[in-house]
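Below you'll find the structure, written out as structure tokens, and then a few comments.
Heavy-atom basis, side chains included; hydrogens, waters and symmetry copies ignored. The structure presented is a predicted model; accordingly, all values stated were derived computationally and were not measured. To find a chain, count down the sequence lines: A is the first, B the second, and so on, and within it residues start at 1.
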Amino acid sequence: MKRNVAIISVGYNGRFVSKRPDINIPELIQPAVDTAIGKTKLKHDQIEAYVVGNMHTFEGINQPHLWASDHFGGSKKPVMRVATGGSTGASVYQAAYYHVASGMYDVVMAIGWEKHDEGDAQVGLMGILLPEAFSLFNFGPDMSEDRGVAGLGGGGSTGGAAFQAMSYLTKAHAGIEHIDRVAAMMRSNAAKNPYAHLQQPGCTEADIAKTPIISYPLRYGHTCPTSCGAIAMILVSEEKAKKFGITDRVAWVKGLGSGASDATTGNIIEGQITDPAEQYMCKVVAKKVYSMAGIKDPRKDIQVAEVYSGFSHQDLMWPERLGLVDEGKSPEMLDKGAFAIDGELPLNPSGGVTSTNAIGASAMVRVGEAALQVMGLAEGGHQVQRKIENVVAHGWGGLFQFVTVTVLGRTPVKK
Amino acid sequence: MAQETRIIENTWDLTAYQWKIESDALDLFVKGLKDKKILGRKCPQCGTVYVPGPTYCRKCFRDIDQVVEVSQEGALDAFTVNLADVKGTIVEHPYITCTVKLDGTHSFLMGVLEGWTDWRSIKEGMRVKAVWKDVTQGALADLSHFQLTEK
């Protein structure tokens, strides 16, 4: 890329919660925008362009931006809207990055949100399954008892992930207790993050193991909540950052990328060839991003990881696929405490997606949290205390096949 | 503010959806099922065997038309155990959905798993074979389930 880009500010609307019946979507977004701007010396009118997005169908309100642009200050300014499912937040952020890196703009705001209490996320997710389900109806599937429903969908969203979880556990020679353990760690990390949704201080493996099985090996305690919340970030060019005199406490975008493999889990129409736990493209994208960031050994040069895990087994899987841990070794790393906030590779100090999931915000929250860690500004005790040079943030969408990876660091890459 | 809940009764007529996704892969697949055969397509360039078999290879990005009949036995891949029915009632005999890699194929075929007594002892890699309905009619339901052939 032509120019270096820095994230200079990250703002949330407040704590992520299940329901906000007292406010509407523009009102949810506005405090995040004001917080992000308030942390800098910038004024609203210095934001040159906006990239915004949420995942409409998961929320139930179509095109909420129609009212929102006035409320985030986007009226009569360049505004781009992005929606890419689970990876929406990362796509919004990446589009904002390109706005600046390309030289078109110097100061751009990225906003991601979801107000899940407006609709039903599971109904929205059904919309993904419907084209496949309806086409299968033409080929005489077994609809007796539960066979039709469970067979077609693989048991819904959790069912799809359950295949991936089972495949991962087999490859890593791990058991459901490892998923319980990592889930408990995320909920107790969340208790140190004042913005996290499900905060359970001192949550234990036994607490998680008490929750019912949804689709073995996944339990209720392994799944993400549906949250309401918004995040806003300000991205500026290196020149502008220098001009503003803000080059301290910023997070430089050192590398980023995205990729796709074929649809996994239940692609019965065309013959599914990819194991959902393999994640070949995550490995390819991560490698490319590390090279862009000038990172030779990610295990030495990256100190913290924020990965996108809608289900807890993914908290073990992604660090391996991102090249931070040997394949199949995450359970061991977890057991020796390496993933703890004070461990050798802190994993999701924020509590991750299984603690907080406002879908259109979530993948950007990973980047935002990575930025806060680099800046040393993570609040409430979830700041990693050891010296941080680089942090990796990750997101996924679709049927596990779209991945995004970003490396943020303390110093910009030399051009 | 008092919480107000309204329940609106409605029906969802699935037959209202008259459109069809054309699928050469599924057309071929169900045609084979009628004769208790499992048919797929093979890419002559990379050798990947797809079941159901699309008319293009996703690896080589080229058209493929070589129809192959594949083995009815294979190895269990991943599976998920549904301990309750869709209404949440715990069931006596859990319902297991699985993916199977039939011998000589490279794709994961989804199905129902039977032939087990304790689901906790099921492991990836166990041998399975296809079990048919007595009367087949050229529909996905013809392939009743996959049966474990080892304990």
Side-chain angles (χ1 to χ4, degrees), chain A residues 19 21-22 126 130-156 158-171 176 212-218 261-277, chain B residues 1 3 14-15 17 19-23 25-27 29-30 33 40-41 48-56 58-59 77-86 88 91 94-99 105-112 119-120 123-125 133 137-145:
Chain A
K19 290 181 171 34
D22 55 320
M126 268 296 283
L130 286 179
E132 178 150 345
F134 285 127
S135 67
L136 284 184
F137 286 151
N138 296 312
F139 295 94
D142 188 347
M143 293 300 286
S144 58
E145 297 164 3
D146 279 358
R147 285 181 172 226
V149 181
L152 291 177
T158 311
F163 285 102
Q164 185 187 55
M166 187 59 91
S167 178
Y168 173 78
L169 289 183
T170 308
K171 286 182 179 61
I176 187 171
I213 297 274
I214 294 181
S215 195
Y216 188 88
L218 293 179
S261 57
D262 68 320
T264 60
T265 299
N267 182 6
I268 196 174
I269 294 179
E270 293 180 318
Q272 170 199 337
I273 51 168
T274 303
D275 181 329
Chain B
M1 195 176 76
Q3 196 77 27
L14 296 179
T15 61
Y17 291 82
W19 46 272
K20 176 180 176 180
I21 292 179
E22 294 296 331
S23 172
L26 282 177
D27 280 338
F29 188 63
V30 295
L33 296 183
R41 282 194 177 88
T48 300
V49 177
Y50 297 86
V51 180
T55 51
Y56 72 101
R58 291 213 280 295
K59 290 182 180 170
D77 185 62
F79 59 97
T80 180
V81 188
N82 297 312
L83 301 167
D85 65 16
V86 285
V91 292
Y95 176 74
I96 301 184
T97 321
C98 65
T99 51
T105 71
H106 302 90
S107 56
F108 303 94
L109 193 56
M110 205 172 230
V112 176
W119 63 263
R120 285 173 189 81
K123 296 271 181 292
E124 186 175 323
K133 290 261 175 69
Q137 51 186 358
L140 290 170
D142 293 345
L143 210 173
S144 168
H145 59 269

Is the shortest side-chain heavy-atom distance between [X] and [Y] below 4.5 Å?
X        : Y        : value
B:Phe29  : A:Phe139 : no
B:Tyr50  : A:Glu270 : no
B:Phe108 : A:Asp275 : yes
B:Thr97  : A:Phe163 : yes

Per-residue contact mode, [X] against chain A (heavy atom under 4.5 angstrom):
X        : answer
B:Val51  : backbone
B:Leu26  : both
B:Lys123 : neither

(message) Can you give me the closest heavy-atom contact between A:Ala162 and B:Thr80, atom names plus distance?
(response)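 In this case the closest contact between A:Ala162 and B:Thr80 is CB-OG1, 3.3 Å.
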(request) List the atom of A:Pro141, the atom of B:Ala141, and the distance in Å for their closest heavy-atom pair. (result)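 Closest pair (atom of A:Pro141, atom of B:Ala141, distance): C-CB, 3.9 Å.
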(request) Please round to the nearest 0.5 Å and tell me the distance separating atom CE of A:Met166 and atom CG of B:Asp77. (result)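 Reported to 0.5 Å precision, the distance equals 10.5 Å.
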(message) Can you tell me how far apart NZ (B:Lys59) and CG (A:Asp262) are? Round to the nearest 0.5 Å.
(response)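 That separation rounds to 9.0 Å.
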(request) Mark yes or no for whether B:Arg58, through its side chain, and A:Gly271, through its backbone, hold a donor-acceptor pair below 3.5 Å. (result)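 Side chain of B:Arg58 to backbone of A:Gly271: a pair is present.
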(request) Would you check if the side chain of A:Ser215 reaches a backbone N or O of B:Asn82 as a donor-acceptor pair within less than 3.5 Å? (result)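 No, A:Ser215 side chain to B:Asn82 backbone: no donor-acceptor pair under 3.5 Å.
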(message) Can you tell me which of B:Gly53, B:Cys98, B:Pro94 forms the most heavy-atom pairs within a distance under 4.5 Å of chain A?
(response)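 Result: the option with the highest number of such pairs is B:Cys98.
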